[in-house]
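In what follows, chains are A, B, ... by sequence order, proteins preceding strands, each numbered from 1. Bear in mind the structure is a predicted one, so any value in this text is a computation, not a measurement.
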2 protein chains.
Amino acid sequence: MTDATTPGVPLSAPLYKEIKRELMAALTAGEWKPGEAIPAERRLSERYGISIGTVRKAIDELVAENILIRQQGRGTFVASHTRDRLLFYFFHIVPQAGDKSYPDVEFVRFVRGKADREMAKHFGIAVGEPVFRARNRLRLAGVPVMIDDITVPAVRFPGLSLAQFRDRPSTIYNLYQEAFGISVVSTSERLRAALADAEFATLLSITPGAPLLQIRRLARTYNDVTVEYRVSQVNTQHHEYWAEIGSNA
Amino acid sequence: MTDATTPGVPLSAPLYKEIKRELMAALTAGEWKPGEAIPAERRLSERYGISIGTVRKAIDELVAENILIRQQGRGTFVASHTRDRLLFYFFHIVPQAGDKSYPDVEFVRFVRGKADREMAKHFGIAVGEPVFRARNRLRLAGVPVMIDDITVPAVRFPGLSLAQFRDRPSTIYNLYQEAFGISVVSTSERLRAALADAEFATLLSITPGAPLLQIRRLARTYNDVTVEYRVSQVNTQHHEYWAEIGSNA
DNA sequence: CAGTGGTCTAGACCACATT
DNA sequence: ATGTGGTCTAGACCACTGT
């Protein structure tokens with residue numbers, strides 16, 4: 001009656017935070033899958049025996065974190081990593097002139113490897129534990145613009161194969177979600193300018209020594225768990241990296 | 001009784017959006033200044049004759065847009081462009097190793113000029129209208145890392161002088177706010193990799209042809225009005241641009 | 001039409017900060 | 001002690017979506 005989870009009097013954490021955690025737990029347990037609707041707010045308020053306003057506040061936060069999506073009149077859905085959403089949220093390369101468009105992804109290679117010190121630290125695994133490494137080349141309007149080098153810990157993607165990676169029906173993050181139940185919800189990126197070496201110059205059809213934008217991305221799922229490390233090399237001759245800060249969009 | 005602003009039955013826009021607009025109007029009219037507290041939520045609910053929950057929802061959005069800041073037990077304050085806030089929100093250059101720190105700003109020049117086609121479009125003014133242009137050099141840990149070329153429309157910064165710009169007591173955005181009542185609340189940045197020309201190489205103590213990260217920033221105040229255009233050249237030898245996407249932070 | 005999320009009310013009480 | 005924002009309730013009604 002007086003412990004921290006008693007709904008009557010919130011002693012430590014607010015009730016809506018508890019509910020948020022409950023929803024997250026149900027989500028990670030697979031009770032509702034990406035693309036599906038979660039129960040209506042009224043039903044959730046009955047299920048947890050709380051007011052509807054409190055349910056809404058919990059959902060509000062999950063919506064703000066891109067985990068749920070509200071649609072008036074239809075319901076509240078588990079965010080699905082469709083092409084459109086990913087393009088909007090996680091793909092930040094835009095033409096210097098013209099509209100944002102989908103990249104054409106070209107498979108280059110897929111290999112097994114071992115985690116070095118840095119990877120181990122990011123993924124929370126031991127040095128030497130298995131990882132998968134893949135390389136893609138991305139084209140925009142037919143022109144090669146970007147090389148992606150992706151590293152993921154094998155422990156979170158058991159049995160990921162070259163064929164599975166190369167022949168996936170949709171985006172990479174959609175594969176993570178559909179095949180491994182991992183939803184990428186946030187990323188952290190660090191950018192610097194570099195010069196193209198012979199290898200990247202060839203892949204991007206530019207001259208060695210040309211300037212390249214280098215992006216190092218950590219992708220995280222729920223609870224800030226890092227699930228992917230990605231280094232991108234971008235030819236910014238005709239494209240740019242786009243960042244919006246503090247906008248309500 | 002049936003027009004759009006009748007509080008009884010919201011016909012067009014939600015009531016809290018109306019209240020938000022009212023608060024914004026009071027803010028731009030200078031009723032409450034940066035750093036000051038706005039009236040308590042209970043008082044605002046009386047003032048507008050609405051429920052406290054509706055006031056809270058209006059304030060919620062202004063807080064999300066960095067226009068107001070809530071502090072439990074103390075009040076709700078108009079966001080002030082202090083050093084700390086600016087460093088956190090709008091300065092994205094961090095060392096590759098070590099903690100984020102304040103840049104030392106070194107004044108280089110300040111001149112009057114005329115708006116070209118691009119500036120005119122961004123600022124919503126006519127080609128040839130007066131603008132101010134300024135250049136700063138920023139040092140981190142004593143080392144020159146970044147050159148900022150700033151352009152602002154004279155019409156929004158009447159009488160801005162070299163001395164005022166150079167000898168400002170705090171940050172540039174703080175000057176905009178204190179001297180001209182302009183609060184920068186959002187920015188849009190486009191990044192590309194380039195090669196240092198002779199001029200930038202000298203200013204940054206690097207060799208011509210070294211890679212530079214070029215950032216073009218549009219800074220906006222309330223209602224998406226663009227008030228500053230800034231081009232930065234960053235030596236990313238030991239520093240990086242940092243971007244966080246979809247994080248709840 | 002029934003069901004969903006979105007808005008709004010009128011209050012109670014809690015947690016925190018200042019006097 | 002007083003005043004502030006933060007949480008929570010129980011319900012009414014609106015706007016939108018699908019059948």
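With sequence neighbours left out, the ring-ring contact (aromatic ring centres under 6.0 Å, His included) criterion links A/Phe77 to no other residue. With sequence neighbours excluded, the residues satisfying ring-ring contact (aromatic ring centres under 6.0 Å, His included) with A/Phe132 are A/Phe110. In this structure A/Tyr173 satisfies the side chain to side chain donor-acceptor pair (under 3.5 Å) test together with A/Arg217, A/Glu228, sequence neighbours excluded. Residues satisfying the side chain to side chain contact (heavy atoms under 4.5 Å, CB included) test with A/Ala179, not counting sequence neighbours, are A/Gln164, A/Leu175. Judged as a ring-ring contact (aromatic ring centres under 6.0 Å, His included), and not counting sequence neighbours, the contacts of B/Phe157 are B/Tyr176, B/Phe180. In this structure A/Glu178 satisfies the salt bridge (Lys or Arg N to Asp or Glu O under 4.0 Å) test with no other residue, sequence neighbours excluded. Shown here are the ring-ring contact (aromatic ring centres under 6.0 Å, His included) partners of B/Tyr222, two or more places apart in sequence or in another chain: there are none.
Each side chain to side chain donor-acceptor pair (under 3.5 Å) pair with one or both residues in residues 31-45 of chain A, not counting sequence neighbours, appears once here: A/Glu31-A/Arg47, A/Glu41-A/Arg56, A/Glu41-A/Arg70. For residues 71-91 of chain A, no pair satisfies salt bridge (charged side-chain N to carboxylate O under 4.0 Å, His left out), with sequence neighbours left out.
Taken residue by residue, residues 28-35 of chain B places no heavy atom nearer than 4.0 Å to DNA chain D. The stretch residues 67-77 of chain A touches DNA chain C through A/Arg70, A/Gln71, A/Gln72, A/Gly73, A/Arg74, A/Gly75, A/Thr76, each having a heavy atom under 4.0 angstrom from the strand.
Atom-to-atom, CD of A/Glu41 to P of C/dT7 comes out at 11 Å; the value is rounded to the nearest Å. We find that CD of B/Glu18 is positioned 14 Å from C1' of C/dC8, with the value rounded to whole Å. A straight line from CD1 of A/Ile38 to P of C/dG3 spans 18 Å, rounded to a whole angstrom. As a whole-Å value, the separation of B/Arg43 CZ from D/dG3 P is 10 Å. Atom C1' of nucleotide C/dG6 and atom CZ of B/Arg56 are separated by 18 Å, given to the nearest angstrom. The distance from atom CD1 of A/Ile59 to atom C1' of C/dT4 is 11 Å, rounded to the nearest whole Å. In this structure, A/Asp60 places its CG atom 14 Å from C1' of D/dG6, rounding to the nearest Å. Rounded to an integer number of Å, the gap from A/Lys20 NZ to D/dC8 P is 13 Å.
Heavy atoms of other residues, nucleotides or ligands lying less than 6.0 angstrom from CZ of B/Arg156 number 12 at most.
Distances shorter than 4.0 Å separate some side-chain N or O of A/Lys57 from OP1 or OP2 on D/dT7.
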Can you tabulate the close N/O pairs, meaning under 3.5 Å, that link protein atoms to atoms of nucleotides 10-12 of chain C?
residue : atom : partner : partner atom : Å
C/dA10  : N7   : B/Ser51 : OG           : 3.3

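The side chain of A/Tyr16 lies closest to D/dT7, out of D/dT7, C/dT4, C/dT7.
Of the charged side-chain nitrogens involved, none lies within less than 4.0 Å of a carboxylate oxygen, so that A/Glu189 and A/Arg216 do not count as a salt-bridged pair.
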